2 protein chains.
Amino acid sequence: MQQQTDPIFQEFSDICRKLDWRMTSSRLAVYRYVRGNKEHPTVDAVWKAVQKEQPNISRESVYRILTDFAAKGLIYILDPPNVVARYDSSSKRHDHFFCQQCGKIVDFNADEIDAIIRNKLSAVGRIDRVEARVLGVCQECLDKETVSKTIK
Amino acid sequence: MQQQTDPIFQEFSDICRKLDWRMTSSRLAVYRYVRGNKEHPTVDAVWKAVQKEQPNISRESVYRILTDFAAKGLIYILDPPNVVARYDSSSKRHDHFFCQQCGKIVDFNADEIDAIIRNKLSAVGRIDRVEARVLGVCQECLDKETVSKTIK
DNA sequence: ATTATTGCAAAGCCTTTGCATCGTT
DNA sequence: AACGATGCAAAGGCTTTGCAATAAT
């Protein structure tokens, strides 16, 4: 990886040092494309864009690089890969809590947010549905953690 | 499909009549399992459960039946099939509007909902992230619709 | 009798994985 | 020189599709 003077190179160089990562041209190219990008790109979109700079980069590397970036909080996974379809018996507006540990999904109602958000997005277009999604760890899983730590 | 006297049979019979659907034992069995179910089941979960009642039902039929149910608003698709992974350059808390027509995803901020929901879910467990997801049709797509209708 | 619905087999697509090679440190 | 990262080929898993057989009207 050649030394470069542009600011993004410097920025990413620092990131790699902190993360104890080797700074590769693939990672830098993905970082360049993703940084500040408002498109919420798919893997293929990133891949095609980055190919202009790095013609030999493989789709698989893009997968790995994006996964690593997300694991370190550099980016956020808006829609994760390999989510299996789920169906909800209620089609009425409501909200969901997802336990990241056991996978449990809990319904709840925060109907207040509907008006707040409709008001805020009035210029964006027609709004068909507003849903809050909450990620966390449920109380049962938290309790289990405590027990196992206590027993040790 | 044999005539039956239990209330769910009657209920689903009415639904099928209104929708101009044939009432089949597969559909009824899926309806029985899904109705009021709070598990947010996957296709496989529905399939396995329904097999107890209908041992010959195929997984493919469950797919088709659930898709049809959702298309008619009988159920809601919480996580749709075939969503490709998407990555977001910002890992800071924010919210998303999804245009159902062109696929565009627009960021926005409704930070107020964070406190509202954390307060409401305090007993559910640890909360790591709150995000609002809004489904609708963006203004550009609405405009295009109007134009094409006007031109006709 | 008609035709929507189903089961079966196969295909499709996104994503992950194993491994040898390459490139950074 | 050491070893983490990558490209390639292949496998994996969920979902869809074509078509003949079945079952509801």
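Owing to the predicted nature of the structure, the values given are computational and were not obtained by experimental measurement. Proteins get letters first, then strands, A, B, ... in listed order; numbering begins at 1 in each.
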Can you tell me the distance, in whole Å, between the [atom1] atom of [X] and the [atom2] atom of [N]?
X     : N      : atom1 : atom2 : answer
A:I65 : C:dT15 : CD1   : P     : 16 Å
A:D20 : D:dA2  : CG    : P     : 19 Å
B:L28 : C:dT5  : CG    : P     : 15 Å
B:R27 : C:dT5  : CZ    : C1'   : 7 Å
B:K72 : C:dA4  : NZ    : P     : 14 Å
A:L66 : D:dA5  : CG    : P     : 15 Å
A:W47 : D:dT6  : CH2   : P     : 15 Å
A:N56 : C:dT21 : CG    : P     : 17 Å

Looking only at side chains, do [X] and [Y] share a donor and an acceptor under 3.5 Å apart?
X      : Y      : result
B:H40  : B:D79  : no
A:Q139 : A:D143 : yes
B:D111 : B:H94  : no

> Is it true that the NZ or CZ of B:R129 lies under 6.0 Å from the centre of A:Y76's six-membered ring and within 45 degrees of the ring axis?
Replying inline: yes
>> Restricting to side-chain hydrogen bond (donor to acceptor under 3.5 Å, both in side chains), what partner residues turn up for B:N82, sequence neighbours left out?
In response: none
> Mind checking what makes side-chain hydrogen bond (donor to acceptor under 3.5 Å, both in side chains) contact with A:R59, not counting sequence neighbours?
Replying inline: A:D44
>> OP1 or OP2 of D:dT6 versus the side-chain N and O atoms of A:S61: is any pair under 4.0 Å?
In response: no
> Which nucleotides of nucleotides 15-25 of chain D have their base under 4.0 Å from a protein heavy atom (B), which only their sugar-phosphate (S), and which neither (-), written as one string 5' to 3'?
Replying inline: BBBB----BBS
